[in-house]
S.K.: 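I have a structure here, written as structure tokens, and I will follow up with some questions on it.
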Amino acid sequence: MAMNKNLAFILRMIACGVLVAVCFVLQTSAGTHFTPFGAHIDLLPAIAVCAGVIMGPSAGMVVGILVGIAYDVAGVQVEGLYPIYYMLCGTTAGVVARYALGRTLSTAALVSLCSVGVLSILRYLFYFHFDTATASYIYYIRGITAQLLLMALLVPAAYLLVRLIAGKRSRQAE
């Protein structure tokens, strides 16, 4: 009995939504106390990027929106910007994987690091730069470096989890 292609996509997105919810709960409960390298555990951006790399731009877009909504639920900074940002990250990851670098772990790692780096720079330019108490360049560069190092260590776990959700047919994404 062959499953409809659209139904299979919907089921994968539901599974990714459950993964995002579980990771969100874990990283907001335990991740706030456990800070390796001085950075908070943040697996959600890697999940959005890995969905785009493994399952294609449409999946990256949907999972990116889910990740952004999770950040909005947490109440971090400006509401509504995170769904747009992570939607763009997931979609871009899918496009880069499809047309340039391939659907590999190294592609997921590169795009994840770029997305976290760009977001960190944007946060600095639009928020921390105007806050005189935290405007130290050295302090902020150390924080970005710690976040990037932690992201590099977390991407393989996200890639494996999304790969399990995608199944064997993920090479034929979209």
Side-chain angles (χ1 to χ4, degrees), residues 9 12-24 26-27 31 36-37 39-72 74 76-78 80-127 140-174:
F9 179 80
R12 280 192 213 105
M13 292 305 99
I14 290 171
C16 284
V18 170
L19 176 65
V20 166
V22 168
C23 288
F24 175 72
L26 289 176
Q27 80 184 30
F37 313 117
H40 294 283
I41 295 174
D42 195 6
L43 191 62
L44 295 181
I47 292 172
V49 168
C50 288
V53 168
I54 294 169
M55 293 186 272
S58 297
M61 177 182 64
V62 171
V63 176
I65 290 171
L66 294 174
V67 166
I69 289 171
Y71 281 115
D72 276 354
V76 289
Q77 296 185 359
V78 180
L81 291 180
Y82 283 106
I84 295 168
Y85 180 77
Y86 287 114
M87 175 189 69
L88 290 173
C89 289
T91 305
T92 302
V95 170
V96 167
R98 178 183 285 174
Y99 296 112
L101 299 176
R103 300 182 187 282
T104 63
L105 176 60
S106 59
T107 303
L110 177 67
V111 177
S112 292
L113 292 175
C114 287
S115 70
V116 168
V118 167
L119 183 61
S120 296
I121 291 168
L122 289 173
R123 280 183 185 152
Y124 179 76
L125 291 175
F126 292 111
Y127 178 70
Y140 202 73
I141 289 172
R142 185 196 66 81
I144 291 174
T145 305
Q147 191 66 38
L148 291 173
L149 181 59
L150 187 58
M151 180 57 69
L153 294 174
L154 292 175
V155 168
Y159 188 83
L160 177 65
L161 292 170
V162 174
R163 180 58 123 177
L164 289 172
I165 290 172
K168 294 179 184 178
R169 299 184 145 216
S170 64
R171 294 275 181 206
Q172 302 167 357
E174 298 175 22

S.K.: Working to the nearest 0.5 angstrom, can you tell me the gap between L66 CG and C16 SG?
M.R.: 8.5 Å
S.K.: Could you give the distance from CD1 (I165) to CD1 (I14), rounded to the nearest 0.5 Å?
M.R.: 11.5 Å
S.K.: Kindly give the heavy-atom pair with the smallest separation between A46 and V155, and that separation in Å.
M.R.: CB-CG2, 4.2 Å
S.K.: Using the test side-chain contact (heavy atoms from CB on, under 4.5 Å), find all partners of M61 that sit at least two apart in sequence or belong to another chain.
M.R.: I65, M87, T91
S.K.: From L19 CG over to L164 CG, what is the distance, rounded to the nearest 0.5 angstrom?
M.R.: 10.0 Å
S.K.: State which residues pass side-chain contact (heavy atoms from CB on, under 4.5 Å) with L113; sequence neighbours excluded, sorted by chain then number.
M.R.: L148, M151, A152
S.K.: How close do Y86 and A48 get, counting heavy atoms only, and between which atoms?
M.R.: O-CB, 4.5 Å
S.K.: Is any side-chain heavy atom of C89 less than 4.5 Å from a side-chain heavy atom of V111?
M.R.: no
S.K.: Identify the heavy atoms of V49 and A108 that sit nearest to each other, and give their distance.
M.R.: CG1-O, 3.6 Å
S.K.: Run the side chain to side chain donor-acceptor pair (under 3.5 Å) test against T107 and tell me which residues pass, sequence neighbours left out.
M.R.: T104
S.K.: Got a second to check how far L154's CG is from Q27's CD, nearest 0.5 Å?
M.R.: 9.0 Å
S.K.: Hey, does P83 have a side-chain heavy atom less than 4.5 Å from the side chain of D72?
M.R.: yes
S.K.: Answer yes or no: is there a donor N or O on one side and an acceptor on the other, between the side chain of Y85 and the main chain of S115, under 3.5 Å?
M.R.: yes
S.K.: Is any side-chain heavy atom of P45 closer than 4.5 Å to a side-chain heavy atom of Y71?
M.R.: yes
S.K.: Rounded at 0.5 Å granularity, tell me how far CG in L161 sits from CG in L43.
M.R.: 7.0 Å
